[in-house]
Amino acid sequence: MSTSKTPIKLTPLHSITQRLGVTFTEEQGWRIPEVYTTEEDEITAARERVVLADETPNGKLLLEGDHAESVLMDALDLDPLQVNEGRDGIYCLRNDLFFITTPPGREVRAQKKLTTVSAASEQFVTVTEVTHGRAEIRVIGPASQELLSKVCGLDFHPAAFPNETAKQSSLAKTTQLIIRRDIGELPAFSIIGTQSLGVYVWDTLIEAGREFGVVPIGRAALAELIKG
Amino acid sequence: MRTEHDILITPNRLHPKGGEVIDRTTTIRFTFDGVEYTAHPGDTVASALTAAGVQVLSRSFKYHRPRGLLCCSGHCPNCLVQIGDEPNVRACTRPVEAGMEVRAQNVWPSLNRDLLSLTQLGSRFMPVGFYYKTFIRPQKLWPLYEHTLRHIAGLGEVHIDTPLGEFDKQYLHTDVVVAGGGPAGIGAALAAAEAGAQVLLFDENPTLGGHLRFTVPMDSSSPPEASKNLPELLEAVNHQPNITVFTDTSVLGWYQDHWLCAVKGTRLFKIRTKSVIVATGAYEVPLIFDNNDLPGVMLGSAVQRLVHLFGVLPGKQVVIVTANEDGWDVAADLQSLGVNVGAIVEERESNACSSPYRDGLINAGVPVFYRHIIVEALGSNAVRGAKITRIDEHGEISPKTTQSLHCDLIVTSMGWTPATELAYMAGGKSEYNEERAEIIPVSTPPGIYVVGRASGTHALDSQIAEAQQIGTAAAAFVGFGEVDGLTAHSPDISKPRRTSERVCVPGNKKRFVCYCEDVTDEDVQTAIAEGYDSIELLKRYSTISMGPCQGAMCSMNTIHLCAHANSSTIQETGTTTARPPTTPVTLGALAGQNMEPVQTTPIHQWHLDHGADMMVAGFWLRPNHYGDPASEAMGVRERAGLIDVSPLGKLQLTGPGVPELLERIYTNQWKNLPVGRVRYGVMCNDEGVVLNDGVCAHLNDETWYMTTTSTGATPIFEWLQWWLQSGWGEGIHLTDLTDAYSAFNLAGPQSRAVLEKLTDRNLTNKAFPYMRVRSAKVADVPCRLLRIGFTGELSYEVHCPSAYALHIWEALMDAGREFGIAPFGVEAQRILRLEKAHIIVGQDTDAMSDPLSANMAWAVKLDKPDFLGKPSLMRISTEGPKQLLVGFKMVDSDVVPDEGLQIVEPDADGRLTITGWVTSSRFSPTLAEAIGLCWLPPELASQDGAPFTIRIDGNLVEARVHHDAFYDPDGERLRM
Ligand code: FES
Ligand code: FES
């Protein structure tokens with residue numbers, strides 16, 4: 001067997017970001033954009049207008065089964081899934097189907113834990129990792145609600161869509177899971193859908209956001225925003 | 001100050017005054033029919049042209065009569081022009097821009113000398129509905145009629161090569177929508193917002209204020225405070241955080257559950273609200289008299305708009321025709337601006353007139369003709385005078401008393417009709433109010449309110465009071481404040497403005513009821529006499545109210561005429577049904593931004609970088625080929641090729657119930673498939689029609705991995721979900737992994753050698769035989785390997801986590817370089833599979849094809865207990881198929897028939913009977929001959945080598961039935 005290259009994980013938006021001449025960084029085996037223009041400009045754009053961040057590397061698991069909730073609870077008791085920077089979350093898609101997001105790389109441990117607990121419970125519960133199958137784009141900034149209202153029929157007002165809640169909806173004629181994950185005072189929404197539609201959804205958001213001055217931001221600016 | 005030059009080029013422009021919306025410090029230029037004109041920023045195309053003395057802006061739809069400004073509010077067809085590539089622009093509402101090229105539309109050869117107006121000469125041969133009766137015979141002449149009619153009638157030109165505009169849509173959510181930003185709308189919005197409701201306030205004009213923007217009170221003691229306080233009202237709106245204002249925005253329609261649609265230029269809004277306040281005002285009603293469509297006959301509100309907003313006076317000598325106080329308001333307004341009011345023609349007796357301006361106007365020497373009415377507008381291309389006549393004691397006109405007045409502008413102020421379409425769309429009920437001679441809403445469904453002129457309330461102080469009440473009620477309805485029980489509103493009729501039901505003055509020239517469709521009073525009478533005497537039938541037969549203004553100018557008058565002709569009341573006559581859109585909207589705005597989802601595989605960019613010619617397959621973009629599909633196919637046959645098959649559907653099924661499910665959804669056996677094995681299967685629906693096909697791999701005790709066709713991934717996932725939710729889901733979990741895994745098919749005699757370089761897994765035929773699945777690390781990435789072969793060669797499908805796709809693909813290409821590997825696209829794959837006579841579901845099968853007929857009986861086990869489609873397939877098995885899918889070779893090996901061509905059988909007389917059709921065909925580079933698949937009658941299909949004929953471009957070309965695969969029929973190369 002011969003391989004010369006170390007495997008590297010690329011998000012579906014990699015070719016777009018590559019064309020923009022960004023600097024890349026690596027995190028948990030993923031190559032992700034570090035900075036597009038300057039960190040300061042990107043932070044300003046997020047605070048004053050609206051930005052897009054590629055957060056595809058966040059771990060994603062599906063937990064399915066009539067007893068999924070109890071397995072989830074047991075797993076949390078044993079080893080609570082890391083709640084870190086507002087990126088961890090458990091969302092009930094159906095009574096017997098949960099969507100779990102983790103920071104990049106944490107999905108492996110979470111999957112192991114859930115599988116162990118599920119096996120011990122002797123209940124029919126399936127844990128499936130779908131990180132590679134989903135693109136995740138975070139729309140951040142004061143104009144994020146208005147931008148999204150051009151492509152999605154949901155009411156994004158915080159009264160109708162509170163922080164840390166999720167809805168499944170049609171967005172630009174595709175099915176997406178939308179999670180509100182504000183960053184401090186900044187409204188922010190994670191758009192999670194099949195990775196093969198990632199480029200289309202990104203391009204559509206850029207197009208819809210042109211009038212609001214939307215720009216992409218890299219990991220550095222995002223980390224700063226989260227830090228506050 | 002106006003200079004002499006200004007006066008020369010814009011003779012109708014008044015001296016500057018307050019309230020104008022134009023910026024006189026700047027002058028811009030534009031053209032109308034090639035002639036250059038000047039305008040000020042803020043001018044509309046129509047105001048600038050009127051300032052320059054242009055009166056004729058368009059020609060009418062049918063008779064090509066000259067038409068000029070009538071309503072100046074975007075509610076009639078008279079000012080429709082073409083601007084650049086955009087047809088049917090209303091010149092009176094479209095702001096003029098520097099360099100704009102405006103053209104008259106539907107004229108030949110020119111606006112001022114439109115020879116098509118000669119159609120008027122034959123108008124007596126073209127009564128209402130004449131085209132229904134005339135142009136149906138002889139039928140074969142219809143193309144000629146159609147061509148001619150389209151040339152003569154129609155509105156504007158659409159250029160096919162016009163670049164696509166940038167249209168988009170936006171969803172809005174709110175508590176209360178207020179449609180209409182006049183004083184009533186503003187008042188209601190403020191009241192609702194102050195109670196705590198979120199309010200969206202829409203107005204079709206560039207600024208809020210409604211009629212307060214241009215109806216300046218003449219007597220400071222009489223106007224209500226509110227009109228003087230418009231700036232304060234606007235200020236209050238600006239400072240109210242709960243109100244969002246959308247100007248230049250028309251609310252087009254109301255739909256179920258308060259779902260509204262509005263348009264602002266190129267953007268369409270879809271609005272979800274809890275309550276709607278209709279404050280859309282009223283349309284001023286035109287009077288029907290001889291030549292009432294002559295340029296220079298205008299509505300009072302139109303003249304006031306021109307004068308106050310744009311500083312433009314459309315005439316020098318004005319005759320005002322009225323039947324209520326509004327006409328006197330207009331007269332006083334114009335006179336105060338120094339306009340020569342030549343006469344007031346008042347339908348009422350002098351003692352019925354209570355206008356506060358009456359004495360002032362009379363004292364100023366304005367002649368007043370009480371109990372008179374206009375009978376004719378004089379002039380050919382524009383008004384040059386008015387004929388008026390006395391009304392006798394029976395209310396009839398007395399022709400003997402007719403006299404002519406000199407004027408160049410006739411202003412009619414006869415009354416209003418509420419603009420209540422939205423309320424009626426929502427289920428509101430109306431009644432005819434005798435005192436007002438208006439049809440006004442009397443009840444509305446919960447959450448719908450009507451206010452201001454739309455509800456029949458004309459007096460400003462009443463409007464303001466009513467608005468407060470309605471706004472508070474709407475807020476309470478959506479949960480802000482107490483519900484006060486207000487459901488419907490009684491209009492304030494203490495100050496009636498309309499006192500006459502006279503809508504039409506008899507005469508002997510053309511009197512237009514519907515300006516949009518060129519329908520005259522005589523047409524209406526004829527239609528009613530022909531039996532179209534209900535208002536809905538009359539509308540459909542005459543096309544009245546079906547034009548661009550959707551009846552804003554003609555509905556009320558038509559109802560009056562219909563009632564009169566039928567000797568019935570207005571209430572008995574009723575109204576036509578209001579439907580969206582209330583105002584014309586472009587198809588572009590309805591379509592919105594081009595959002596066609598496109599799916600790309602993780603190595604899409606690699607394909608582009610390597611010269612792939614991409615094709616659309618479902619929503620996917622896939623490489624069709626990389627330059628030479630035949631060479632790509634040969635590369636696979638001789639060496640190794642790699643194709644991106646990531647779009648294949650990939651479903652994971654887990655649980656003890658999976659084998660039972662597979663038995664039910666596939667036509668063959670599954671319970672006996674050991675772990676590590678892969679099997680091909682066909683899925684059918686209840687009718688036994690082929691739905692999809694693919695392989696399913698048994699990964700471990702309780703996990704199965706199913707692939708479907710690329711376009712079948714989502715439908716099959718949903719179909720399976722349906723069965724799982726409908727009782728077959730016990731002990732089964734289903735997950736769509738189509739996007740989680742990318743898949744590449746490494747095919748060709750060298751494929752094992754290529755893959756061996758990247759994995760430690762033993763790939764020998766013994767360790768990893770045909771139709772097996774294995775887990776293996778490939779280039780250090782955990783993958784699933786499926787040894788299957790659609791191409792007919794030794795091949796491996798490598799399924800890897802999608803984020804590693806580029807890494808794996810490049811590793812395979814690098815590893816294969818020494819073996820001459822090359823990428824191949826969908827076209828090469830199609831050639832290769834055809835050489836193996838493998839079918840493609842959806843191409844070789846259709847909505848009638850069952851697997852027994854489609855040459856896949858080997859994949860159908862009718863001795864299984866049950867499966868989807870079994871009863872139908874049992875029947876087909878007993879009765880025998882009606883057609884069979886079979887391979888064929890062309891006798892002339894260079895002729896490749898197109899897919900879809902008919903297979904025919906000539907009879908003794910040379911007449912052809914269609915007996916089948918070609919579904920797939922290619923020139924096989926491996927066999928150097930044309931091959932294909934086709935449907936044939938069973939008796940023909942069952943004979944290997946039987947000849948039949950395909951009709952190609954009218955010629956009959958011979959082909960022969962071919963059983964078995966064309967290439968490697970024993971499948972040895974797959975198993976090597
Ligand atoms: S004059 Fe322009 S629409 Fe009536
Ligand atoms: S006047 Fe416009 S539809 Fe009749």
Side-chain angles (χ1 to χ4, degrees), chain A residues 1-12 14-16 18-19 29-31 56-57 60 62 64-65 96-97 124-126 128-135 146 148-157 159-160 172-175 193-201 203-204 207-208 211, chain B residues 168-174 198 267 270 272 593 595-602 604-606 608 619-620 646-647 652 654-656 702-703 731-742 756-761 777-781 800-808 810-811 814-815:
Chain A
M1 187 185 81
S2 72
T3 49
S4 52
K5 292 181 195 157
T6 313
I8 186 80
K9 288 181 271 190
L10 303 178
T11 82
H14 180 73
S15 56
I16 295 184
Q18 199 171 28
R19 270 202 302 277
W30 290 87
R31 179 170 296 156
T56 302
K60 299 166 193 78
L62 283 174
E64 186 178 4
D96 62 344
L97 185 64
F124 177 39
V125 173
T126 308
T128 313
E129 199 221 317
V130 291
T131 310
H132 290 255
R134 307 284 198 275
E146 209 170 349
L148 290 171
S149 76
K150 289 180 67 184
V151 291
C152 177
L154 290 177
D155 185 352
F156 293 96
H157 191 279
K173 298 186 185 170
T174 67
T175 304
T194 52
Q195 59 86 9
S196 57
L197 287 164
V199 169
Y200 162 76
V201 172
D203 286 346
T204 305
E207 182 62 34
E211 65 179 294
Chain B
D168 62 9
K169 291 186 189 176
Q170 186 169 8
Y171 295 89
L172 303 172
H173 301 261
T174 191
Q198 292 292 323
R267 178 168 295 175
K270 293 181 176 180
R272 179 69 72 192
Q593 159 189 359
M595 283 199 268
E596 287 304 323
V598 174
Q599 288 178 279
T600 51
T601 76
H604 179 72
Q605 191 59 42
W606 191 97
L608 297 181
F619 289 118
W620 289 93
S646 301
Q652 180 170 286
T654 37
E702 293 205 342
T703 311
I732 303 168
H733 292 156
L734 170 69
T735 312
D736 185 353
L737 295 180
T738 301
D739 271 40
Y741 281 94
S742 291
E756 272 171 343
K757 290 176 69 181
L758 298 172
T759 182
D760 291 332
R761 166 68 72 176
K777 272 198 167 181
V778 176
D780 291 329
V781 173
C800 67
S802 284
Y804 288 118
L806 186 61
H807 169 80
I808 296 290
E810 288 185 333
D814 285 349

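Only this structure's heavy atoms are used, side chains among them; waters, hydrogens and symmetry mates stay out. Predicted, not measured: the structure shown is a model, and the values here were computed from it. Below, read A as the first sequence line, B as the second, and so on, with proteins coming before strands; counting in each chain starts at 1.
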Picking from A:G153, A:A208, A:A172, which has the most non-hydrogen pairs under 4.5 angstrom with chain B?
A:G153
Per-residue tally against chain B (heavy atom, under 4.5 Å) across A:C152, A:A160, A:G65, A:P57 peaks at A:C152
Proximity breakdown for [X] and chain A, heavy-atom pairs closer than 4.5 Å:
X      : result
B:Q652 : side chain
B:L608 : neither
B:W620 : side chain
B:R267 : side chain
B:T601 : neither

Backbone N/O of B:M595 and side chain of A:K173: donor-acceptor pair under 3.5 Å
yes
Residue pair [X] / [Y]: nearest heavy atoms and the distance that separates them:
X      : Y      : result
A:H132 : B:A740 : CB-O, 3.5 Å
B:H733 : A:F124 : CE1-O, 3.3 Å
B:D739 : A:S196 : OD2-N, 2.5 Å
A:L154 : B:H173 : O-NE2, 3.1 Å

Between [X] and chain B, which part of the residue has a heavy atom less than 4.5 Å away: side chain, backbone, both or neither?
X      : value
A:R31  : neither
A:P12  : neither
A:V125 : backbone
A:I8   : backbone

Report the distance from atom [atom1] of [X] to atom [atom2] of [Y], rounding to the nearest 0.5 Å.
X      : Y      : atom1 : atom2 : value
A:T174 : B:E596 : OG1   : CD    : 12.0 Å
B:I808 : A:K5   : CD1   : NZ    : 11.0 Å
A:H157 : B:L172 : NE2   : CG    : 13.0 Å

With a 4.5 Å heavy-atom cut-off, do [X] and [Y] have their side chains touching?
X      : Y      : result
B:D168 : A:E207 : no
A:E64  : B:T735 : yes
A:T128 : B:L737 : yes
B:Q605 : A:Q18  : no

For A:F156, does the CZ atom sit with more than 12 other heavy atoms under 6.0 Å from it, leaving out its own atoms?
yes
Counting heavy-atom pairs closer than 4.5 Å to chain A, which one of B:P656, B:P647, B:G731 comes out on top?
B:G731
